[in-house]
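Starting from 1, each residue takes its place in the sequence as its number. Hydrogens, waters and symmetry mates play no part in the numbers below; they use all other heavy atoms, side chains included. In listed order, ligands and their atoms are each counted from 1.
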Amino acid sequence: MKKEEAVLRLTEIIANFVGYTGKVLPDDVKAKLRELGAQEETPLAKIIYEAMFKNQELAVSLDRPSCQDTGAIQFFLQCGSEFPYLAEMEQILHDAVVKATQEAPLRHNSVETFDEYNTGKNVGKGVPSIFWDIVPGSDELSLHTYMAGGGCSLPGKAMVLMPGEGYEGVTRFVLDVMTSYGLNACPPLLVGVGIATSVETAALLSKKALMRPLGSHNANERAAKMEALLEDGINQIGLGPQGLTGKNSVLGVHIENTARHPSVIGVAVNVGCWSHRRGHIVFDRELNYTINSHAEVAF
Ligand code: SF4
């Protein structure tokens, strides 16, 4: 395949995939919503879950987004250093977002800061957000797509704690965010927690944590235990579906961490909502692709 042809093909596949993920939730999120919905006992909580399930059916049958806020588009790349289109990827992702905005369609969610006008294309200065990891020697591209809605982005918070605050301080920070802003994000929530040295490292980890499949755990057993404890604690707040009370508040809690400076604990929280529009697609160098997030893709 000639390079120009391949670039157009890659742009088209990614545009179609982004549009599709706006209408169909990932398999793990759909399954978890079913599981949580079955555990609710009050009529109000049951009705809200039924509305969510009906919403998903109608999004497919009417070919419309599963939530009206199709978010700011974010991409997380693990791109092989030998992937043939590495140099073209930023332009490909930009063009794919413009194409998806027109064809899906997606809501216009890119307003130029200070100039205060909506570009109408979901692109702008630094948007879509693109976060790179280069994988030396690989010729594949692993791409996570994410629709960062306004409500689910709102609880995002990062700060650096004094070292003496310890893991209790991390817990207090996460629960403070959940009790103050959690219900703005259309629960049940996927809660991503990043722990590192400084705010920017913790913040990026907290968003990357949202790309992990539901049911996955931090590889460190102490971190995995903290994920479970936070999940129990946040569930006990009783936010329930859409924040209208219920047994469960979260889809899960994912912690991502690095080593850190011993004098500080950088911590951040990012939140995904019940309509967690995450996609994962992997390309080989011939542009054959595998979609891991959605088994029954139709586009
Ligand atoms: S929080 Fe999620 S479900 Fe609620 S309006 Fe925003 S994108 Fe939609």
K.L.:
Taking everything shown except Phe131 itself, do over 12 heavy atoms lie less than 6.0 Å from its CZ?
P.N.:
yes

K.L.:
Less than 4.0 Å between a side-chain N and a carboxylate O, is that true for Glu41 and Lys247?
P.N.:
yes

K.L.:
So which heavy atom on Leu86 is nearest to which on Gly80, and how close?
P.N.:
CD1-O, 3.4 Å

K.L.:
Just to confirm my output: which protein heavy-atom neighbour is closest to atom 4 (Fe) of ligand 1, and how far is it?
P.N.:
Cys186 SG, 2.3 Å

K.L.:
What I want to check is whether the side chains of Arg107 and Asn109 have a donor and an acceptor closer together than 3.5 Å.
P.N.:
yes

K.L.:
Pull out every atom of ligand 1 sitting under 4.0 Å from any heavy atom of Cys152, numbered as shown with elements.
P.N.:
1 (S)

K.L.:
Can a side-chain donor-acceptor contact be found between Glu200 and Ser198 if the only test is distance below 3.5 angstrom?
P.N.:
yes

K.L.:
Nearest protein heavy atom to atom 6 (Fe) of ligand 1, by residue and atom, and its distance?
P.N.:
Gly151 N, 3.8 Å

K.L.:
Please identify which atoms of ligand 1 are closer than 4.0 Å to at least one heavy atom of Ala185.
P.N.:
1 (S)

K.L.:
Quick one: look at Gln242 and ligand 1, take heavy-atom pairs under 4.0 Å, and tell me if it's side chain, backbone, both or neither.
P.N.:
neither

K.L.:
Quick one: look up the protein heavy atom nearest atom 3 (S) of ligand 1 and list residue, atom name and how far away it is.
P.N.:
Trp274 NE1, 3.6 Å

K.L.:
If you compare all heavy atoms of Ala196 against all heavy atoms of Ala202, which two are closest, and at what distance to 0.1 Å?
P.N.:
CB-N, 3.9 Å

K.L.:
If the cut-off is 4.0 Å to any non-hydrogen atom of Asp69, which atoms of ligand 1 fall inside it?
P.N.:
7 (S)

K.L.:
Can you tell me the protein heavy atom closest to atom 7 (S) of ligand 1 and the distance?
P.N.:
Arg277 NH2, 3.1 Å

K.L.:
Ligand 1 versus Cys273, non-hydrogen atoms closer than 4.0 Å: side chain, backbone, both, neither?
P.N.:
side chain

K.L.:
Within the 4.0 Å heavy-atom shell around Gln68, which atoms of ligand 1 are there?
P.N.:
5 (S)

K.L.:
Verify the distance test for Cys67 against atom 8 (Fe) of ligand 1: any N/O/S atom under 2.8 Å, yes or no.
P.N.:
yes

K.L.:
At under 4.0 Å between heavy atoms, is it the side chain or the backbone of Met147 that contacts ligand 1, or both, or neither?
P.N.:
neither

K.L.:
Counting only heavy atoms not in Glu221 (residues, nucleotides, ligands), do more than 12 fall under 6.0 Å from its CD?
P.N.:
no

K.L.:
Classify the side-chain pair Asp95/Thr11 by whether it contains a donor and acceptor separated by less than 3.5 Å.
P.N.:
no

